[in-house]
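A quick write-up on the structure given underneath.
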Amino acid sequence: MLHQEIPSSSTRIAPLVAARSVEFDPELVQRLGKNGPRYTSYPTADRFADTFSYRDYLHAVASVRTRGGARPLSLYLHIPFCDTVCYYCACNKIVTKNRDKAATYLGYLKREITMQAGLFAGMNEVEQLHFGGGTPTYLSDEQMGELMAHLRRSFRFAPDEAGEYSIEVDPRTVSAERVHSLRAQGFNRISLGVQDFDPDVQKAVNRVQPEAETRAIIAAARAAGFRSVSIDLIYGLPKQSLESMAVTIGKVIDASPDRISLYHYAHLPHVFKPQRRILDADMPSSNEKLGMLALCIERLTDAGYVYIGMDHFAKPDDDLAVAQRQGRLHRNFQGYSTHADADLISCGVSAISAVGATYSQNAKTLEAYYEALDNNELPVVRGIALGMDDLLRRTVIQKLMCQFELSMSAIELAFPIAFGQYFAAEMAVLRHLERDGLVTIDGDWISVTMRGRLLIRNVCMVFDRYLAVPGTVPRYSRTV
């Protein structure tokens with residue numbers, strides 16, 4: 001064993017309150033905001049190498065089997081297809097109206113699921129399932145039912161009341177009847193892409209989505225018995241203003257979703273071709289974007305939402321907020337999660353798995369994905385095996401990202417280090433952040449302040465050894 005689990009007593013549990021859990025300091029954000037990783041993994045995906053192959057993944061699975069013990073499984077399925085292109089989108093997607101492509105993809109996806117299920121046969125049960133895209137509901141109701149049935153034949157699932165089974169939905173692609181069908185097929189959490197309710201903004205990003213249409217899908221999800229409804233928003237889009245954002249956030253609060261994701265739009269037209277259709281003249285200024293962020297934080301926290309971290313808010317009684325208070329919150333490629341100890345099996349083009357002390361990514365093109373499966377191999381093309389230093393730093397970053405604090409002595413119990421000596425250089429940098437008001441270092445505890453929480457990525461970057469590697473210039477979004 002390279003390390004042990006961090007004792008639960010290393011997190012101080014706060015009572016259930018809807019108090020202000022983040023402070024917006026515009027001067028601090030403007031001065032310290034910079035490009036940095038989102039830390040859905042550590043090491044981050046840009047550090048994966050093509051020297052890690054299918055054989056390495058098989059070795060990782062074998063190590064998990066040898067380790068034994070009861071650990072739950074998490075499944076992720078990537079459905080890359082979209083009917084139309086949203087100009088802001090930076091996801092790995094395939095825009096097509098040819099539905100035959102989805103039928104072909106579904107056949108290969110089921111083959112990959114069967115192969116993965118064979119590797120994990122008899123090992124624990126699935127407690128978490130997430131469908132991402134693209135647009136997962138690009139699949140027809142019949143195709144989705146067929147895929148879910150195949151999953152349940154391949155894996156053992158926890159009961160509905162215990163498992164978290166979520167799907168991302170474009171409200172423009174589903175009816176109320178389809179929402180009820182998704183619930184019947186086994187999904188109990190639903191996430192709706194909204195981005196903005198303003199008609200001019202929607203036209204500017206080629207995503208016209210009437211408010212009434214979105215509200216109808218939320219109502220259908222409630223009526224169907226979904227345990228949680230989430231809404232995704234983006235600030236910094238073309239044609240957005242402080243006034244229009246105030247109207248949108250008011251409508252979102254009135255809709256009362258359980259969770260809200262508030263993403264910052266990164267305008268990188270030189271990297272993502274669809275963004276070249278967005279006019280620079282329509283983009284809000286940096287000060288306007290900061291104003292939108294401040295407005296949303298104030299309105300959401302005043303409405304009782306808890307700041308979970310990064311760009312996520314949740315109601316105080318939501319599972320994410322409860323998990324954070326209890327020290328059980330985790331972060332993976334789908335964002336914040338309540339399932340910390342699960343091996344993540346990801347299927348589909350470009351999907352990333354996290355099994356044992358490894359990360360592995362599938363081929364990014366349909367051609368390469370299909371070719372590997374035709375050769376009876378999983379389509380793993382790159383990844384990384386984590387050493388002790390990686391595992392240590394991942395634990396530190398996870399604690400800071402999810403709990404906004406960590407106990408140095410708890411880290412020392414889990415790893416064979418003296419924290420202050422091992423991280424001497426990092427602690428010196430943290431002292432600078434302490435003077436800036438981002439963190440406090442008090443005896444055994446490193447704590448992120450209310451002012452520093454929006455800049456949590458800056459704090460975590462201090463412990464990222466790979467950022468200091470010369471000759472590498474990865475592309476990251478702004479930390480705020």
Side-chain angles (χ1 to χ4, degrees), residues 1-15 37 39-44 60 63-64 66-72 74 124 127 308-309 320 322-332 336-344 354-359 384-431 433-434 438-449 452-453 456-457 459-468:
M1 289 287 288
L2 287 173
H3 71 289
Q4 301 172 345
E5 293 298 321
I6 301 294
S8 58
S9 59
S10 67
T11 299
R12 297 173 284 191
I13 299 177
Y39 293 116
T40 51
S41 71
Y42 180 84
T44 51
S63 297
V64 169
T66 301
R67 179 183 63 203
R71 278 170 61 95
S74 178
N124 314 314
E127 290 188 358
I308 300 299
L320 280 184
V322 174
Q324 186 176 60
R325 287 193 299 274
Q326 296 178 347
R328 298 183 293 104
L329 193 65
H330 181 65
R331 189 161 172 80
N332 60 25
Y336 286 100
S337 168
T338 59
H339 295 260
D341 298 325
D343 285 305
L344 171 63
V355 174
T358 68
Y359 295 114
I384 189 170
L386 280 64
M388 194 202 79
D389 181 77
D390 295 324
L391 293 168
L392 166 61
R393 292 173 185 273
R394 180 173 72 174
T395 299
V396 169
I397 289 171
Q398 279 273 343
K399 280 290 176 185
L400 291 171
M401 289 289 289
C402 297
Q403 309 303 331
F404 296 121
E405 63 180 5
L406 67 83
S407 161
M408 290 180 272
S409 62
I411 297 293
E412 291 173 339
L413 286 173
F415 293 89
I417 66 160
F419 195 98
Q421 295 177 11
Y422 195 92
F423 291 118
E426 288 82 356
M427 292 300 290
V429 178
L430 280 186
R431 292 293 181 188
L433 296 186
E434 185 176 34
L438 270 66
V439 300
T440 61
I441 304 171
D442 181 15
D444 184 43
W445 290 88
I446 299 172
S447 303
V448 182
T449 66
R453 290 187 174 195
I456 184 60
R457 289 158 72 180
V459 178
C460 293
M461 288 166 67
V462 172
F463 292 95
D464 190 335
R465 178 173 60 88
Y466 292 89
L467 292 179

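Computed from a predicted model, the values in this text were never measured in an experiment.
For the atom pair CD1 of I308 and CZ of R331, the computed distance is 11.5 Å after rounding to the nearest 0.5 Å. Separation of atoms CG (L467) and OG1 (T44) is listed at 7.0 Å; rounding is to 0.5 Å. Taking CZ of F463 as the reference point, atom CG of L406 lies at 6.5 Å (rounded to 0.5 Å). Residue F415 holds its CZ atom at 5.0 Å from CG of L392, rounded to the nearest 0.5 Å. Put simply, CD1 on I456 and CE on M461 are 12.0 Å apart, with the number rounded to the nearest 0.5 Å. For the atom pair OG1 (T358) and CD1 (I384), the distance works out to 10.0 Å, reported to the nearest 0.5 Å.
Taking N332 as the reference, nothing meets the side chain to side chain donor-acceptor pair (under 3.5 Å) condition, with sequence neighbours excluded. Contacts of D343 classified as salt bridge (charged side-chain N to carboxylate O under 4.0 Å, His left out), with partners at least two apart in sequence or in another chain: R67, R71. Residues forming a side chain to side chain contact (heavy atoms under 4.5 Å, CB included) with S63 (at least two apart in sequence, or on another chain): H59. Checked against side chain to side chain donor-acceptor pair (under 3.5 Å), Y39 has the following partners two or more places apart in sequence or in another chain: D464. Shown here are the side chain to side chain donor-acceptor pair (under 3.5 Å) partners of Y42, two or more places apart in sequence or in another chain: there are none.
Looking only at side-chain heavy atoms (C-beta outward), M388 and I417 come within less than 4.5 Å of each other. Side-chain contact between E405 and L400: absent, with no pair of heavy atoms (C-beta onward) separated by less than 4.5 Å.
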**Prompt:** Taking it one step at a time, do L438 and V448 satisfy side-chain contact (heavy atoms from CB on, under 4.5 Å)?
**Reply:** CA-CA 6 Å; L438 270 66; V448 182; 5.8 Å; no

Distance-only criterion, 3.5 Å: show the donor-acceptor pairs between side-chain atoms of residues 418-431 and protein atoms not counting sequence neighbours.
unit_1	atom_1	unit_2	atom_2	d
Y422	OH	D389	OD1	2.5
E426	OE2	R393	NH1	3.1
E426	OE2	R393	NH2	3.3
R431	NH1	E434	OE1	3.1

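Judged by distance alone, with hydrogens and angles left aside, the side-chain atoms of Y336 form a donor-acceptor pair with the main-chain N or O of M401 at under 3.5 Å. Q398 places no side-chain N or O within 3.5 Å of a backbone atom of H330 that could act as its donor or acceptor partner.
The two residues Y466 and P43 come nearest to each other via the heavy atoms CE1-CG, 3.5 Å. Between D444 and S407, the closest heavy-atom pair is OD2-OG, 2.6 Å. Between I441 and M408 the shortest heavy-atom distance is CG2-CE, 4.4 Å.
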